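Data block below; observations after.
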Amino acid sequence: MSLKKVYDKLFKELGPQNWWPGDSEEEIIIGAILTQNTSWNNVEKAIRNLKKENLCDFGELNNVEIQKLAKLVYSTGYYNQKAKRLKRIASYFMKNPIIKFKSKPLADMRQDLLGINGVGNETADSILLYAFHKPMFVIDNYTKRVFYRLGYLSKNISYVKAQDYFTESLPQSQELFNEFHALIVKFAKLNCQRKPNCQKCFMAKWCKYKQSRS
DNA sequence: CGCCAGGGCCTCA
DNA sequence: TGAGGCCATGGC
């Protein structure tokens with residue numbers, strides 16, 4: 001089954017996911033930092049705190065005290081690190097306004113984001129795809145797990161190699177990349193957890209992992 | 001109680 | 001370039 005067929009199946013079973021939950025580019029970027037290795041539920045609380053203080057704004061974030069910021073994002077874990085990371089990314093976009101940033105070639109945008117301490121592959125690509133609507137496929141541990149089990153990716157494939165595979169196998173559509181990644185997350189939470197629920201899984205029929213276990 | 005969540009950095013081979 | 005330690009709360 002082609003990757004596009006997998007997408008069609010997931011979409012048919014799970015429906016549209018309406019990602020990314022966020023009202024502005026800045027809020028989406030903030031969420032991308034805060035959700036690093038953290039459940040979205042914990043992030044929502046922090047974003048509400050930031051909004052109350054009018055801090056979903058890079059100008060304000062750039063000036064706020066680091067201790068105050070760390071307290072507001074406490075619920076997301078790693079709060080000291082994440083406070084610093086938010087300050088760094090706010091500082092970056094104060095020096096490089098988003099409106100100008102978005103006019104650069106995609107590869108340059110990606111490189112520049114990766115140059116910010118605290119922004120790795122997944123965070124950079126989430127920002128490009130979900131905040132700036134660029135056709136950049138996001139890989140995460142869910143993607144690696146699901147597509148390793150289905151039989152598309154090797155066990156410990158690198159981020160970039162996994163991304164190349166998706167990029168080369170799919171039409172270059174921002175809308176498709178957006179929905180596909182969101183569906184993968186939903187599917188991984190629903191059926192394809194660390195301890196998978198293969199009995200009730202609608203993908204079991206096409207899954208090598210299921211076949212190897214049964 | 002343990003496990004894991006919409007990772008990334010640093011260090012050391 | 002890859003493995004291991006570290007950061008840390010909250011839901012189950």
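Because the structure is predicted, anything quoted here is derived from the model rather than measured. Chain naming here is simple, since letters A, B, ... match the order of the sequence lines and numbering starts at 1 in each. Values below: every heavy atom of this structure, side chains too, minus hydrogens, waters and symmetry copies.
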_Flag if over 12 foreign heavy atoms under 6.0 Å of NZ, Lys102(A)_ = yes
_Quick check on Lys104(A): does its NZ atom have over 12 non-hydrogen neighbours (other residues, nucleotides or ligands) under 6.0 Å away?_
yes
For [X] and [Y], which heavy atoms make the closest approach, and how far apart are they?
X: Leu114(A); Y: Ala124(A); result: CD2-CB, 3.9 Å
X: Lys68(A); Y: Glu53(A); result: NZ-OE1, 3.2 Å
X: Ile47(A); Y: Gly31(A); result: CD1-CA, 4.0 Å

*asked:* Return whichever of Asn41(A) or Asn37(A) has its heavy-atom-nearest nucleotide of DNA chain C closer to the 5' end.
replied: Asn37(A)
_Earlier contact from the 5' end, DNA chain C, for Thr38(A) and Lys45(A)_ = Thr38(A)
Distance check needed: [N] [atom2] versus [X] [atom1], whole Å only.
X: Tyr159(A); N: dG8(B); atom1: OH; atom2: C1'; value: 12 Å
X: Ile127(A); N: dG8(B); atom1: CD1; atom2: C1'; value: 13 Å
X: Lys84(A); N: dC6(C); atom1: NZ; atom2: P; value: 17 Å
X: Lys161(A); N: dT1(C); atom1: NZ; atom2: P; value: 9 Å
X: Glu44(A); N: dT9(C); atom1: CD; atom2: P; value: 20 Å
X: Leu34(A); N: dG8(B); atom1: CG; atom2: C1'; value: 14 Å

So does [X] get a side-chain nitrogen or oxygen closer than 4.0 Å to the phosphate oxygens (OP1/OP2) of [N]?
X: Arg88(A); N: dC9(B); answer: no
X: Tyr79(A); N: dA8(C); answer: no
X: Lys189(A); N: dC12(C); answer: no
X: Asn80(A); N: dA8(C); answer: yes
X: Thr35(A); N: dG7(B); answer: no

Less than 3.5 Å apart, any donor N or O on the side chain of [X] or [Y] sitting next to an acceptor on the other?
X: Asn49(A); Y: Tyr74(A); value: no
X: Lys82(A); Y: Thr38(A); value: yes
X: Thr143(A); Y: Asp140(A); value: yes

*Could you give the distance separating dG8(B) and dG10(C) at their P atoms, to the nearest angstrom?*
22 Å
For [X], which contact category applies under a 4.0 Å heavy-atom criterion: base, sugar-phosphate, or nothing?
X: Thr76(A); answer: nothing
X: Asn156(A); answer: nothing
X: Val119(A); answer: sugar-phosphate
X: Gln81(A); answer: base

*Is there a Watson-Crick or G-U wobble partner for dG7(B) with both distances under 3.5 Å, and if so, which one is it?*
dC7(C)
For nucleotides 1-3 of chain B, tabulate all protein N/O to nucleotide N/O atom pairs closer than 3.5 Å, reporting atom names and distance.
none

*Have a look at Glu26(A) and tell me which of Ile89(A), Asp57(A), Leu55(A) forms a side chain to side chain contact (heavy atoms under 4.5 Å, CB included) with it.*
Asp57(A)
*Return the 5'-most residue of the pair Arg85(A), Arg145(A) with respect to DNA chain B, ranking by each residue's nearest nucleotide.*
Arg145(A)
_Please tell me whether Tyr165(A) and Phe147(A) form a close aromatic pair, meaning their ring centres lie under 6.0 Å apart._
no
Show me the protein contacts with nucleotides 10-13 of chain B, counting only N or O atoms at under 3.5 Å.
{"residue": "dC10(B)", "atom": "OP1", "partner": "Asn117(A)", "partner atom": "ND2", "Å": "3.3"}

_Of the listed nucleotides (dA5(B), dG7(B), dG10(C)), which one gets closest to any side-chain atom of Glu122(A)?_
dG7(B)
*asked:* Consider ring-ring contact (aromatic ring centres under 6.0 Å, His included). Of Phe180(A), Phe177(A), Phe187(A), which one does Tyr7(A) pass it with?
replied: Phe180(A)
